[in-house]
Every structure is written in structure tokens, then in C-alpha cells.
Amino acid sequence: QEWQNPFATWDPRDFCNISEIVLPMDTYWSPPIFILERVNGQNPELDYMVLMHNGSFNSTRPFQVTLTCSLIILKFPFDTQMCNLTIASYLYPVTDFVMKTRRTPAEIMKDSQSFFLTDGEWKFTNLSIIEYTEIMDDKGFSLVTYAISMERRPTLYILNLILPTCALYLLDMAVLFGPSSLEEKINFQIAIILGSSMLAVILNNSLPTSSNKPPIIGTH
């Protein structure tokens, strides 16, 4: 965060050429903001800010939070999800407090990708920034929304779910139209049903429950 305070300025030549100092966050006014989609998280312990001689404040506070996000898993495991991170402050109207992003979406995208040091289930694909004003109780409030796009890496699900399911159905067709006896076909069909049921249980434990529509792989 960066903001200006015209009442906190000095001439470095009058103070041994000191052009910046580090102060606690509660020393001066700081922008009161929060994340709308936050449901859980850890508050930062770095409660300090840097004050420049020209009245410019700079505060870098790392947050680790859990956000709510509506998932659409119809195309699972080849789905792409869009989640929002909205920064807001409803204490000051837009006439007194306006939030602007300092960097472009391309710059933030590059920095965000550098934080993903391990290959997890999701691939960070895109990020866009929306600055707008929300009207509440006849007052406008400044908000900034980061729209984050993530693509699922499907390799694990292809190996553990799709390929075994296809193999079971191919065996089912081969036995059904093969020269085997009726008793052998019935026994094999029971084994295939048990295998399909086990895969369905694994799939049910792997999928999130926050989607309005089940995945295509789970409906066939």
C-alpha cells in the first residue's frame, strides 16, 4: 500500500539527511481495508510502515487467507475456474477514499507466477483488475477486484479415473459380445459393477461439493 500525508513531511537537510523512517502502523492514519471473500486467514505480524520525507507512506503486509469461490466443475478434470479477490473499505466514501492499483495486470501476473514454486493441482493462467465504485445507502465506496483465472492440471485424474473407467467399459463390451458362456459373463459383469462403484466413490471424494452441476464424468 502507498498513500500520501501532506502533514508528515520534513526537509532531510535539517535532520542529518534522514529521508525515511520506519514507524508502527498505529502511529499515523493508514487505509482500513479488508477482503470481501475472506472466510479465514492469518493476520500479518509486520505492523510497520515506511515514511518518506515527502509524506509518502509505504506498507508491505503479507496476508495468507482462505477465500470463497464458486466452482463450475461440469468439464472436470479439464475445467478452468475464475475466482475474485475484492479489496474494499466501507468506512470512507469514494469522495474521501479512492483505491487505485499501482501496477498493471501484466506486472502483477508475472510476480504472482513467481510465487508458485511447486507444481500443484492448479495452474495460474490469467489475472485482470477491475476498479469500480459500489453504491450502498446512497453512498459510493471504492473497490478493487482481482479476477484470478486458474486451470486444473488433469494428468492425475486421467491416470486414476478416466483411463481405468474406459478400460472397464472396454472389457465390458469385449465380454458382452465375446464367445464366453452366460455364467462367465454374469460373473464378469458383477466384477465390473463393483469396480465402477469403487471408482465412483473415489471420484466423489475427489470432487468439491460447491458446484451446482455435477461433472460429466460423474453422470455417465
Side-chain angles (χ1 to χ4, degrees), residues 35-44 60-87 101 103-130 144-178 180 184-220:
I35 300 175
L36 293 184
E37 296 85 1
R38 174 176 175 173
V39 294
N40 194 6
Q42 300 178 358
N43 293 325
T60 302
R61 308 178 69 192
F63 284 87
Q64 183 177 1
V65 298
T66 301
L67 308 178
T68 59
C69 182
S70 299
L71 300 181
I72 302 176
I73 58 173
L74 183 63
K75 298 181 180 179
F76 174 88
F78 307 100
D79 54 326
T80 299
Q81 305 296 336
M82 181 73 69
C83 293
N84 293 335
L85 189 151
T86 303
I87 300 176
T101 55
R103 294 180 294 176
T104 63
E107 294 174 341
I108 299 178
M109 177 74 178
K110 182 179 179 180
D111 292 342
S112 299
Q113 288 179 332
S114 65
F115 293 139
F116 284 84
L117 302 180
T118 58
D119 292 333
E121 180 181 358
W122 295 97
K123 180 181 178 181
F124 190 64
T125 57
N126 192 24
L127 183 144
S128 59
I129 302 174
I130 306 172
V144 176
T145 297
Y146 295 85
I148 304 169
S149 178
M150 299 176 294
E151 180 181 350
R152 192 191 303 269
R153 291 186 171 97
T155 305
L156 179 64
Y157 297 98
I158 292 175
L159 296 176
N160 291 339
L161 294 174
I162 296 180
L163 290 182
T165 302
C166 293
L168 284 176
Y169 285 119
L170 289 176
L171 286 175
D172 185 17
M173 295 177 61
V175 172
L176 182 62
F177 298 102
S180 304
E184 292 177 348
K185 290 182 179 180
I186 293 176
N187 293 333
F188 198 81
Q189 289 290 336
I190 294 175
I192 290 178
I193 292 174
L194 292 176
S196 300
S197 301
M198 183 61 65
L199 285 176
V201 172
I202 297 174
L203 178 63
N204 184 59
N205 295 332
S206 302
L207 294 179
T209 59
S210 59
S211 178
N212 294 328
K213 294 183 180 180
I216 296 178
I217 188 177
T219 56
H220 292 283

[atom1]/[X] to [atom2]/[Y] distance, rounded to the nearest 0.5 angstrom?
{"X": "F124", "Y": "M109", "atom1": "CZ", "atom2": "CE", "answer": "5.0 Å"}
{"X": "T80", "Y": "R152", "atom1": "OG1", "atom2": "CZ", "answer": "9.5 Å"}
{"X": "E121", "Y": "M150", "atom1": "CD", "atom2": "CE", "answer": "10.0 Å"}
{"X": "S128", "Y": "I148", "atom1": "OG", "atom2": "CD1", "answer": "9.0 Å"}
{"X": "I158", "Y": "L163", "atom1": "CD1", "atom2": "CG", "answer": "7.0 Å"}
{"X": "I162", "Y": "Y157", "atom1": "CD1", "atom2": "OH", "answer": "11.0 Å"}

**OP:** Please name the pair of heavy atoms, one in N84 and one in E37, separated by the smallest distance, quoted to 0.1 Å.
**Re:** O-CD, 3.4 Å
Subject >> Shortest non-hydrogen contact between P77 and P154, atoms and distance >> reply: O-CB, 3.3 Å
Original post:
Which is it for V144 and I130 under the side-chain contact (heavy atoms from CB on, under 4.5 Å) test, yes or no, and what are the steps along the way?
Top reply: CA-CA 6 Å; V144 176; I130 306 172; over 6 Å; no
**OP:** Quickly, which of I72, L74, I73 forms a side-chain contact (heavy atoms from CB on, under 4.5 Å) with F76? Name it, please.
**Re:** I73
Original post:
Y146 versus T101: any side-chain heavy-atom pair under 4.5 Å?
Top reply: yes
**OP:** Determine whether L85 and I35 make a side-chain contact, defined as any pair of heavy atoms from C-beta on separated by less than 4.5 Å.
**Re:** yes
Subject >> Donor + acceptor pair across side chains of Q81, S149 (<3.5 Å) >> reply: no
